[in-house]
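Structure record follows, encoded as structure tokens.
In this text, all values refer to a predicted model and were calculated from it rather than measured experimentally.
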Amino acid sequence: MRGVLKLTVRVVSCIHRRLYCGRRPPAPLGGRILTNHDDIFQHNMWDHVQWTEEERERARQKAEENSKDKIPVEEQSKYDRNANKYWDRFYEVHQSKFFRNRRWLFTEFPELLPPDAVGICSPEERQGSGVDSQSESEDRLKHKPCGFSTLTSDTDAFPGQHAVFRILEVGCGAGNSVFPIINTIRGSKMFLYCCDFSSRAIELVKEHPDCDPSVCHAFVRDICDTTSLFPFPPESLNVILVVFVLSAIHPERVQDVVNCLAGYLKQGGIMLFRDYGRYDLSQLRLKKGQCLSENFYIRQDGTCVYFFTKDEVHQLFSNAGLEAIQNLEDRRVQVNRGKKVVMHRVWMQSKYRKPYLF
């Protein structure tokens, strides 16, 4: 939850596809390439920086060093058990001032834009892309996702039921993605759901002047709890946004979370993912005694963080039955020009689609 930063059109999805799977994407990912090392302090950030073998080995050794002294097993469970309390405390202290609004969202994830804005859907397609038909509803009852809602037909009332395009953000925090999305989709036939297991975070979202119940429904939800209900039916979402969220969950529980979320995507729906990559600066800065398990750490404020590899991300989403549209490692160099300090950043960015069943 921390961070800096061809889809065939069919009736149920109307999602724009920006294609790549491991290739260099358009700007801003790839907008600034360092070709002359003497220019490194000319900008604050450089894209697609290739590490030397020496730099990679140095990073590996640093991560190995800070992972030697692990937190005793008998103490580890409290961080998982009390995770919501640590995040409540975090938002109580920082309110909504810790993170900036993610204005990069629509450049990297244009799938969040209203379909009309990118000229994707015809009026007929928009009309047909609402809640699934009777036969589709019956079919999804045979394959209930975890946290299955009791809503089973088009006549059941739920927030956003009349929208033709629905987005869910999990782990929304204080709304740094929520409000840019709300201000973009307002006036369209889109609806946003957002949830977090920190009740304080959801309070901050609801208290925000831009929070609009006609466009957004915010609710408390622990996505690791597979018995909890979502306020919408299975296979009713066009997009699920998962940004700096899965890294905060114990690695042994992440697959169940992704499987659960995938059950709420329509056929052709997309899951958008961005999170920490292996050997990111934030991993290398961690001290001895903060390691819970391999590449999984506890921060000083009690919140947890995991650092992914590209292969791990692909396995997570493909095991949930999703198809890769994009799966890349976003390697950058961040520069402190005043102190002449160079820092390597590594983030994972992926897009996975729920396939059509013909």
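Side chains of Leu112 and Thr184 form no contact here, defined as non-hydrogen atoms less than 4.5 Å apart. Under the 4.5 Å side-chain criterion, counting only non-hydrogen atoms from C-beta, His250 is not in contact with Cys304. The shortest side-chain heavy-atom distance between Lys62 and Tyr279 does not fall under the 4.5 Å cut-off. Between Met348 and Asp330 there is no side-chain heavy-atom pair separated by less than 4.5 Å. Counting heavy atoms from C-beta outward, Lys354 and Met271 have side chains that stay 4.5 Å or more apart. Contact annotation: the side chain of Cys172 approaches that of Ile202 to within less than 4.5 Å [non-hydrogen atoms, C-beta and beyond]. Proximity of His162 to Phe191: side-chain heavy atoms (C-beta onward) are nowhere separated by under 4.5 Å. The side-chain heavy atoms of Val178 and Cys216, taken from C-beta on, include a pair separated by under 4.5 Å.
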Under the criterion side-chain contact (heavy atoms from CB on, under 4.5 Å), I'd like the reasoning laid out for Leu241 against Leu105: C-alpha separation, chi angles, the key distance, then a yes or no.
CA-CA 10 Å; Leu241 182 64; Leu105 274 176; 4.2 Å; yes
Yes or no on side-chain contact (heavy atoms from CB on, under 4.5 Å) for Asp69 and Cys291, after CA distance, side-chain angles and deciding distance?
CA-CA 7 Å; Asp69 299 331; Cys291 186; over 6 Å; no
What verdict does the salt bridge (Lys or Arg N to Asp or Glu O under 4.0 Å) test give for Glu294 and Lys70, after you've listed the backbone C-alpha separation in whole Å, the side-chain angles of each residue and the deciding distance to 0.1 Å?
CA-CA 9 Å; Glu294 189 174 0; Lys70 292 184 172 58; over 6 Å; no
For Leu316 and Gln255, what are the C-alpha separation, side-chain angles and deciding distance, and is it a side-chain contact (heavy atoms from CB on, under 4.5 Å)?
CA-CA 6 Å; Leu316 275 175; Gln255 186 65 68; 3.5 Å; yes
Carefully, step by step, assess Tyr297 and Ser67 under the rule side chain to side chain donor-acceptor pair (under 3.5 Å).
CA-CA 8 Å; Tyr297 302 82; Ser67 301; 2.9 Å; yes
Could you walk me through whether Ile223 and Val245 satisfy the side-chain contact (heavy atoms from CB on, under 4.5 Å) test, starting with their C-alpha distance in whole Å, then the side-chain angles of each, then the deciding distance to 0.1 Å, before giving a yes or no?
CA-CA 10 Å; Ile223 57 174; Val245 176; 4.1 Å; yes
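Hydrophobic clustering places Trp104 together with Val239 (ILVMFWY residues linked when any side-chain heavy atoms are closer than 4.5 Å, directly or through intermediates). Leu292 and Leu284 are members of different hydrophobic clusters when ILVMFWY side chains are connected at heavy-atom separations under 4.5 Å.
To the nearest 0.5 Å, atoms CG (Asp256) and CG (Asp225) are separated by 11.5 Å. Here the straight-line distance linking atom CD1 of Ile167 with atom CD1 of Ile240 works out to 11.0 Å at 0.5 Å rounding. Separating the CD atom in Glu111 from the CD1 atom in Ile270 is a distance of 4.5 Å, to the nearest 0.5 Å. Rounding to the nearest 0.5 Å gives a distance of 10.5 Å between CZ of Phe109 and CD1 of Ile181. The CZ atom of Phe106 lies 8.5 Å from the OG atom of Ser177; values are rounded to the nearest 0.5 Å. The structure places CD of Gln267 at 6.0 Å from CD of Glu235, a figure rounded to the nearest 0.5 Å.
A donor-acceptor pair under 3.5 Å is absent between the side-chain atoms of Asn336 and the main chain of Val341, judged by distance alone. Arg278 places a side-chain N or O within 3.5 Å of a backbone atom of Phe307 that can act as its donor or acceptor partner. With hydrogens and angles ignored, the 3.5 Å screen pairs a side-chain donor or acceptor of Asn238 with a backbone N or O of Arg166. Here the side chain of Arg299 pairs no donor or acceptor atom with the backbone of Leu286 at under 3.5 angstrom.
The heavy-atom pair separating Val205 from Cys211 by the smallest distance is O-CB, 3.2 Å. The shortest heavy-atom contact between Cys224 and Arg253 is CB-NH2, 3.3 Å. Taking all atoms of both residues into account, the shortest heavy-atom contact from Tyr264 to Pro234 is CD2-CA, 3.6 Å. What you find for Val346 and Arg331 is that their closest heavy atoms are CG2-NH1, 3.6 Å. Closest approach of Pro159 to Pro231, counting heavy atoms only: CD-O, 3.6 Å. Between Asp210 and Ile182, the shortest heavy-atom distance links the atoms O-CG2, 3.6 Å.
Glu64 meets the side chain to side chain donor-acceptor pair (under 3.5 Å) test with Arg60; sequence neighbours excluded.
Ring geometry for Phe296 against Tyr306 counts as tilted: the plane angle lies between 30° and 60°, on a 0 to 90° scale.
Side-chain contact, Asp212 with Ser214: a donor N or O sits under 3.5 Å from an acceptor N or O. Side-chain atoms of Thr309 and Asp311 form no donor-acceptor pair, as typed in the model, at a separation below 3.5 Å. For the 3.5 Å distance criterion, the side chains of Glu57 and Gln61 qualify, holding a donor opposite an acceptor. Judged purely by distance below 3.5 Å, without hydrogens or angles, the side chains of Gln283 and Tyr276 never pair a donor atom with an acceptor atom.
Under the 6.0 Å distance and 45° angle rule, Arg221 counts as a cation-pi partner of Phe230.
Residue pairs meeting the salt bridge (charged side-chain N to carboxylate O under 4.0 Å, His left out) criterion with at least one partner in residues 279-291, sequence neighbours excluded, are Asp280-Arg345.
Test Phe158, Phe165, Phe232, Phe219 against Tyr193 for ring pair (Phe, Tyr, Trp, His ring centres under 6.0 Å) and you get one pass: Phe232.
The existence of a salt bridge linking Lys351 and Glu108 is excluded, since no basic side-chain nitrogen approaches an acidic carboxylate oxygen closer than 4.0 Å.
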